[in-house]
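Note sheet for the following structure.
Just so it is clear: chains get the letters A, B, ... in the order the sequence lines come, proteins before strands, and each one is counted from 1.
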Number of protein chains: 2
Amino acid sequence: MKTPHHHGNLREALIVAGMELLQEGGTSGLTLRKCAARAGVSHAAPAHHFKSLDGLLSAIAARGYEQFAKTMMAERDKSPDGARDQLLAICQGYLDFAEKNEALFDLIFNSVEITFDDPDLDNASTLAYQILAQACAPFVKKDQDPRYVETKVWSLVHGFACLSRQARGGGGGHPACGIAFADVFDSLSF
Amino acid sequence: MKTPHHHGNLREALIVAGMELLQEGGTSGLTLRKCAARAGVSHAAPAHHFKSLDGLLSAIAARGYEQFAKTMMAERDKSPDGARDQLLAICQGYLDFAEKNEALFDLIFNSVEITFDDPDLDNASTLAYQILAQACAPFVKKDQDPRYVETKVWSLVHGFACLSRQARGGGGGHPACGIAFADVFDSLSF
DNA sequence: ACCACAAACTTGACACTGTAAAGTTTGTGG
DNA sequence: CCACAAACTTTACAGTGTCAAGTTTGTGGT
């Protein structure tokens, strides 16, 4: 049955279609025309809701940040109450998300196409970051810039996520293969 | 004056053209047809030297790894002899390269298109990694897997490079803005 | 109930892209 | 000198993003 001229909720349908296509076929599997086709509209329909493909990608990235935040919070909520345990759990959530959502993770962190001018995206990224920042707060020394601890933890977990991803792609020979993040994290000092 | 039918050194010319286009216009500025045009040949000429665009990208990534390795060695060779000084210098070279060659850095580390089946690429990436691995050797404890130290350092510097890049793109509000890697590095323990 | 108008599409077109197939030019070895 | 393969060129196709013009329909005013 053909979709009537007015879809009714096309913006949302395009975002959902985009996330499905990313999950199924990676970055190159997501195109405007495929999103439009999956949403049941013509190839030019998205132009009314997104200025360009970059606009749609930014909206998808915002959604991705929300899922990312949820994954970290879910891990944190399952962990023991100790500050160090909670921080490690959040990092594990970070790495789980990166492993299970490689293309979305790429879009969020490595994509020059998305722009943080988008308020949804800016809000979502800020919220995600706050989870990590709050978990770092107990480790901040008196009169110390809290961003120092935050940057250290964030660099470590983000770097580990990136290298693990490269290790997964390149087979067993990659140096990061077999190294557990918990071991790297345990010797972290502040 | 028109290029004769036989270029003579087209493979190299395409790689050079590709690196120039990357530097000038970022990832989206590099296309097979533009490389061919810059090299003075038709759009189908590259097919004789590279199986596909991915093949050309892999060759460019190999070249990029070589430059990457040189940047780290240059910083190392300028630094004091202490093991910690040398490791920090190598990390600074890592970050310098990432900052000055954003698109090439992306191609090397974040590109799903390149494949390490390419022997040149595999060799170049291994050599680049060896620089970091050798600098980590002094910090490896007796009976400890050296990859543990290597992964820790590599995660920290790579993560910092990625976050700095995002900070540069998104303005002063990014949490990693203004944090010096040397400060993060100084408290690193093994 | 009717009508004007704007929102939300569709259709058609263009430029750019990667890749493939067929044809042409030229370097090289016998 | 010639055959043949390397190294191209030309042509074509499918897919892509974007744009402009046209069409459909929802909504608000009268």
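Every residue was checked against the side chain to side chain donor-acceptor pair (under 3.5 Å) condition with B:Q92, not counting sequence neighbours, and none meets it. For B:S164, there are no side chain to side chain donor-acceptor pair (under 3.5 Å) partners at least two apart in sequence or on another chain. With sequence neighbours excluded, the residues forming a side chain to side chain donor-acceptor pair (under 3.5 Å) with B:D106 are B:N110, B:R165, listed by chain and number. The side chain to side chain donor-acceptor pair (under 3.5 Å) search around B:E20 returns B:R38, not counting sequence neighbours. Qualifying ring-ring contact (aromatic ring centres under 6.0 Å, His included) partners for B:F105, counting only residues two or more places apart in sequence or in other chains: B:F109, B:H158.
Applying the 4.0 Å criterion to OP1 and OP2 of D:dC19, one finds that A:H43 has every side-chain N and O outside that range. The shortest distance between the side-chain N/O atoms of B:K34 and the OP1/OP2 oxygens of C:dC16 is not below 4.0 Å. Residue A:T31 places at least one side-chain N or O under 4.0 Å from the OP1 or OP2 atom of D:dT16.
Sorted by first and then second residue, the salt bridge (Lys or Arg N to Asp or Glu O under 4.0 Å) pairs with a member in residues 119-139 of chain A form an empty list; sequence neighbours excluded. Applying the side chain to side chain donor-acceptor pair (under 3.5 Å) test to residues at least two apart or on different chains, none of the pairs has a partner in residues 42-59 of chain B.
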Pairing pattern in dot-bracket form [Watson-Crick, G-U; both distances under 3.5 Å; | = partner strand] for DNA chain C: ||||||||||||||||||||||||||||||
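Within residues 12-26 of chain B, no residue is approached by DNA chain C to less than 4.0 Å at the level of any non-hydrogen atom. Annotation: proximity of residues 50-57 of chain B to DNA chain C (heavy atom, distance under 4.0 Å) is found for B:S52, B:L53, numbered in ascending order.
If you check distances only, the side chain of B:H48 never reaches the base of D:dT9 with a donor-acceptor pair under 3.5 Å.
B:W154 and B:Y94 form a side-chain donor-acceptor contact under 3.5 Å, judged by distance and modelled atom types alone.
Rounded to an integer number of Å, the gap from CG of B:L32 to C1' of D:dT16 is 16 Å. Distance A:E113 CD to D:dG17 C1': 13 Å, rounded to the nearest Å.
The closest donor-acceptor contact from the side chain of B:N101 to the backbone of B:L104 lies at 3.5 Å or more, if one exists at all. The main-chain N or O of A:D81 is never found under 3.5 Å from a side-chain atom of A:Q86 such that the two would form a donor-acceptor pair.
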Can you build the contact string for nucleotides 21-30 of chain C? Use B for base contact, S for sugar-phosphate-only contact, and - for no protein heavy atom under 4.0 Å. ---BBSS---
Using distance only, find each side-chain donor-acceptor pair of residues 60-68 of chain A under 3.5 Å and give its atom names and separation, not counting sequence neighbours.
residue	atom	partner	partner atom	Å
A:R63	NH1	A:E12	OE1	3.4
A:R63	NH1	A:E12	OE2	2.9
A:R63	NH2	A:E12	OE1	3.0

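Nearer to the 5' terminus of DNA chain C, by closest-nucleotide assignment, is the contact made by A:H49 (compared with the other of A:H49 and A:R33).
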Assess the residue pair B:S155 and A:V184 against the criterion (side chain to side chain contact (heavy atoms under 4.5 Å, CB included)); give the C-alpha distance rounded to whole Å, side-chain angles, the decisive distance to 0.1 Å, and a yes or no. CA-CA 9 Å; B:S155 295; A:V184 170; 5.5 Å; no
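Under 4.0 Å is where a charged nitrogen must lie from a carboxylate oxygen, and between B:E75 and B:K78 at least one such pair does.
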